[in-house]
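Here is the structure we will look at.
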There are 4 protein chains.
Amino acid sequence: MPAEPSGATSAAPRPRVRAPQSRRAELLDAAERLFLQKGVAQTSVDDITTAALVSKGTFYLYFSSREELLGALRERFVLGFCQRVDAAVGRRAASGEKGWNARLRAWFTAMLDGLMDQVMLHDMLFHDPHPASRELMKDNPIIVQLEALLEAGAASGAWRVADSHAMAIMMFHSMHGLADDAIARGVTTQRARIVRRLADTFAAALRPC
Amino acid sequence: MPAEPSGATSAAPRPRVRAPQSRRAELLDAAERLFLQKGVAQTSVDDITTAALVSKGTFYLYFSSREELLGALRERFVLGFCQRVDAAVGRRAASGEKGWNARLRAWFTAMLDGLMDQVMLHDMLFHDPHPASRELMKDNPIIVQLEALLEAGAASGAWRVADSHAMAIMMFHSMHGLADDAIARGVTTQRARIVRRLADTFAAALRPC
Amino acid sequence: MPAEPSGATSAAPRPRVRAPQSRRAELLDAAERLFLQKGVAQTSVDDITTAALVSKGTFYLYFSSREELLGALRERFVLGFCQRVDAAVGRRAASGEKGWNARLRAWFTAMLDGLMDQVMLHDMLFHDPHPASRELMKDNPIIVQLEALLEAGAASGAWRVADSHAMAIMMFHSMHGLADDAIARGVTTQRARIVRRLADTFAAALRPC
Amino acid sequence: MPAEPSGATSAAPRPRVRAPQSRRAELLDAAERLFLQKGVAQTSVDDITTAALVSKGTFYLYFSSREELLGALRERFVLGFCQRVDAAVGRRAASGEKGWNARLRAWFTAMLDGLMDQVMLHDMLFHDPHPASRELMKDNPIIVQLEALLEAGAASGAWRVADSHAMAIMMFHSMHGLADDAIARGVTTQRARIVRRLADTFAAALRPC
DNA sequence: TATGAATGAGCATTCATTCAT
DNA sequence: CATGAATGAATGCTCATTCAT
């Protein structure tokens with residue numbers, strides 16, 4: 001039952017201690033790549049460790065289960081996505097653009113960029129709808145930030161917003177839907193057009209009067 | 001679980017030839033029920049046949065694989081959904097309501113009803129994004145019908161629609177997002193409110209001039 | 001993740017439905033043989049199914065786990081052992097032998113036979129001391145029967161027995177110890193001698209006055 | 001469990017060179033404790049080294065394999081047990097008690113004490129009967145000493161012993177059986193009673209004439 | 001048509017052991 | 001002496017699919 005070290009004629013003992021500290025990230029990267037290529041359910045722990053050039057046992061040194069790896073990947077995605085959007089919005093704001101609709105456009109642009117570069121990944125990761133994956137949306141930081149933007153615009157009198165939460169959700173999902181559609185059509189280059197549609201539509205919807 | 005080797009005088013009253021041709025539908029129903037209860041991945045062919053009071057072999061008489069059953073379930077869902085929406089919209093139209101915005105509201109109401117009654121099922125079925133599940137959206141009949149409505153309204157001069165396809169997608173996903181959010185919050189009774197938000201928002205977005 | 005039936009060039013499909021109903025017993029037999037040969041811990045489910053000329057999946061058709069197989073083996077052992085002893089004692093009794101000491105000798109003979117033919121098996125099976133394996137002894141039917149014999153002899157005035165339970169235990173374990181010793185020495189042919197020692201010793205211990 | 005990749009400035013106060021030479025005993029102790037608590041098979045080398053506050057590698061500095069550790073534990077047990085019994089018997093002898101039956105009682109008392117304090121440990125250690133664990137009994141020093149006692153008593157004419165080896169075995173296992181039974185019943189306080197049963201029984205069995 | 005016993009590849013996870021540092 | 005990251009063979013169990021009846 002022990003290891004019985006690879007029987008008599010064991011081949012070369014493989015290099016030990018390759019990189020210094022990267023192991024965990026390497027496994028995360030390999031898993032992400034494979035999940036994207038073959039699907040989550042179709043990717044085994046073995047596939048992952050093979051791709052990461054690491055032994056199977058090593059996997060369990062860094063993750064206590066396959067499921068934990070998925071969790072880590074989700075966390076990494078959300079973090080990365082928020083950072084991208086924040087950074088992009090911040091950049092625009094800094095570049096002197098002004099006006100609420102301009103800000104909204106900045107938002108759509110940043111999010112669309114963030115999303116379209118990673119929709120596949122997003123879908124992959126947030127898919128088993130049985131546990132509370134839908135719950136995540138309830139406190140989705142993106143939605144929360146969007147609500148804040150809407151309320152600020154409303155407070156300034158620039159927009160009329162009856163229900164900022166519902167509006168934020170419509171915006172987010174409109175964008176998500178357009179991104180998905182573009183990807184399904186294989187058209188991933190028309191981002192400007194999509195942003196224009198979003199901005200026009202919601203600017204009209206927010207117009208006071 | 002064991003064999004209980006057909007104990008000599010097995011006087012089991014095996015119910016032969018239950019229904020005449022319904023077998024396929026029974027399997028579909030049993031699968032749908034179980035998928036909803038336990039999740040797609042967690043439901044085995046055995047679970048399904050057991051629930052359908054049918055032997056395992058019978059399953060493969062009606063479906064060439066587990067995957068095909070899933071496909072059939074998806075198809076059945078889309079068909080049923082379209083019929084519900086059509087019927088509901090038709091009913092409203094017949095009831096004498098008029099005006100484009102009223103029609104739009106009828107749409108939102110019908111779809112939201114159709115969706116909220118079955119979001120779980122929808123999510124369940126359209127979740128493994130790897131095969132061409134996203135592709136389905138490309139020619140989603142719902143979207144197509146919505147586009148037609150938008151174009152008709154635009155042609156009549158009631159609405160201004162720069163890109164009916166994009167607009168239809170935004171509408172559909174806005175509604176989907178609001179439905180998901182309501183479900184995540186456990187609030188499934190505020191459909192009128194949701195419809196109002198959608199109708200107001202998109203009426204504004206479509207307002208000419 | 002499915003079976004993907006042994007890829008394209010699948011070899012011969014193996015004979016199906018070999019014996020009619022024996023499967024469970026075949027697995028039990030194969031397991032017993034291997035446990036005896038290599039030890040319980042060193043025998044895998046795979047070893048067992050291979051020895052039983054059955055596929056791995058078949059194992060789980062008849063046993064819900066490896067542990068259950070062990071339980072079934074234990075049960076089978078106890079049943080068989082009791083039957084052997086009962087039969088042998090009955091035979092002697094029928095053959096007209098009489099006297100309490102003769103009965104006791106009959107007991108020792110029957111049990112020693114039963115045990116020495118299967119000590120290895122017994123030890124193998126009743127070894128993981130962590131669950132209540134020791135508990136089994138508490139209500140061991142063999143001990144119970146022995147107690148009854150002792151009490152009957154005492155009631156008839158033939159023996160003096162201060163504590164029939166303790167005495168039965170001493171007898172049983174004395175015999176077990178002698179059997180083990182004989183086996184350890186590789187001397188399994190001296191059963192008569194062992195029975196004589198047991199009978200003499202305990203006859204003396206039971207002598208009234 | 002993860003790597004926590006030696007976080008740059010790892011200022012962990014690694015306790016170096018704790019005890020001087022005790023390492024081996026600490027491992028033995030930790031293993032014994034864990035084996036008792038969770039069972040031999042359920043205790044991994046890792047559990048042991050963790051409990052001994054020692055790294056995994058260190059284990060193999062003191063033991064060439066897990067199996068060797070088990071052997072060392074067995075040896076330690078037997079040695080300790082013999083010493084206890086010897087000491088106890090010596091004490092009684094020194095205290096002026098005399099008579100062969102008194103000596104025999106002293107023996108039973110000492111062994112029962114020794115055993116009942118450590119049955120769990122004994123069982124744990126001597127359980128996988130596959131290697132020559134049964135063989136140990138062949139030259140078990142306890143049995144040997146008991147034989148010597150019996151022969152001395154016989155030589156003095158105090159006892160009649162036809163087969164001292166067999167008698168020693170019966171005594172040892174009778175006692176073992178009673179101890180197990182007492183433990184199984186949760187009655188560990190009736191040692192005096194058990195000793196009386198043993199002494200009475202075997203005194204009668206050894207009575208000359 | 002219908003059955004269900006049989007199949008076997010596949011999977012997640014464990015753990016004794018090694019060895020570069 | 002001591003460490004602990006890395007290894008990889010081995011294990012128990014699942015399940016989609018087949019096929020003799």
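Order of the sequence lines fixes the chain letters, A, B, ..., with proteins taken first and strands second; residue numbering starts at 1 for each chain.
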Rounded to whole angstroms, how far apart are CZ on F63(A) and P on dA5(F)?
-> 15 Å

What is the distance, rounded to the nearest whole Å, between atom CD of Q42(D) and atom P of dG12(F)?
-> 13 Å

Please report, rounded to the nearest Å, how far the P atom of dC11(E) is from the CD atom of E67(A).
-> 16 Å

Who pairs with T49(D) by side chain to side chain donor-acceptor pair (under 3.5 Å), at least two apart in sequence or on another chain?
-> none

Return yes if some donor-acceptor pair links the side-chain N/O of T58(A) with the main-chain N/O of V54(A) below 3.5 Å, else return no.
-> no

Would you say a side-chain N or O of R66(A) is under 4.0 Å from OP1 or OP2 of dT13(E)?
-> no

Whole angstrom value for the distance that separates P of dT17(E) from CG of L69(D) = 11 Å

Apply the salt bridge (Lys or Arg N to Asp or Glu O under 4.0 Å) test between D47(A) and each candidate in R33(A), K38(A), K56(A); give the one that qualifies.
-> K38(A)

Presence of S44(C) side-chain N/O under 4.0 Å of dA10(F) phosphate oxygens OP1/OP2 | no

Does a nitrogen or oxygen in the side chain of Y62(C) sit under 4.0 Å from OP1 or OP2 of dA6(E)?
-> yes

Taking side chain as C-beta onward, heavy atoms only, is V45(A) less than 4.5 Å from Y60(A)?
-> yes

Within this structure, what is the CG-to-C1' distance between L27(C) and dC13(F), rounded to whole angstrom?
-> 15 Å

With respect to the phosphate group of dT13(E), does any side-chain polar atom (N or O) of Y60(A) fall under 4.0 Å of OP1 or OP2?
-> yes

Using a 4.5 Å cut-off on heavy atoms from C-beta on, say whether the side chain of L73(D) contacts that of F35(D).
-> yes

Assess whether one donor atom and one acceptor atom, taken from the side chain of K56(A) and the base of dT13(E), lie less than 3.5 Å apart.
-> yes

State which residue, out of R76(C), R24(C), R23(C), fulfils the salt bridge (Lys or Arg N to Asp or Glu O under 4.0 Å) condition with D29(C).
-> R76(C)

Is the shortest side-chain N/O distance from S55(A) to OP1 or OP2 of dG8(F) below 4.0 Å?
-> no

Would you kindly give the CG-to-C1' distance between L61(D) and dT21(E), to the nearest whole Å?
-> 14 Å

Looking only at dT7(E), dA2(E), dT13(E), the nucleotide nearest the S65(A) side chain is dT13(E)

By nearest-nucleotide position on DNA chain F, the 5'-leaning member of G57(B) and D47(C) is D47(C)

Given atom CZ of R23(C) and atom C1' of dA6(E), what is their separation to the nearest angstrom?
-> 8 Å

On the 0 to 90° scale, with breaks at 30° and 60°, tag the F63(A)-F59(A) ring pair as parallel, tilted or perpendicular.
-> tilted

Integer-rounded Å distance: dT14(F) C1' and D46(C) CG | 14 Å

Can you run through DNA chain F from 5' to 3' and write each base as (, ), [, ], | or . depending on how it pairs? Watson-Crick or G-U wobble, both distances under 3.5 Å.
-> .||||||||||||||||||||

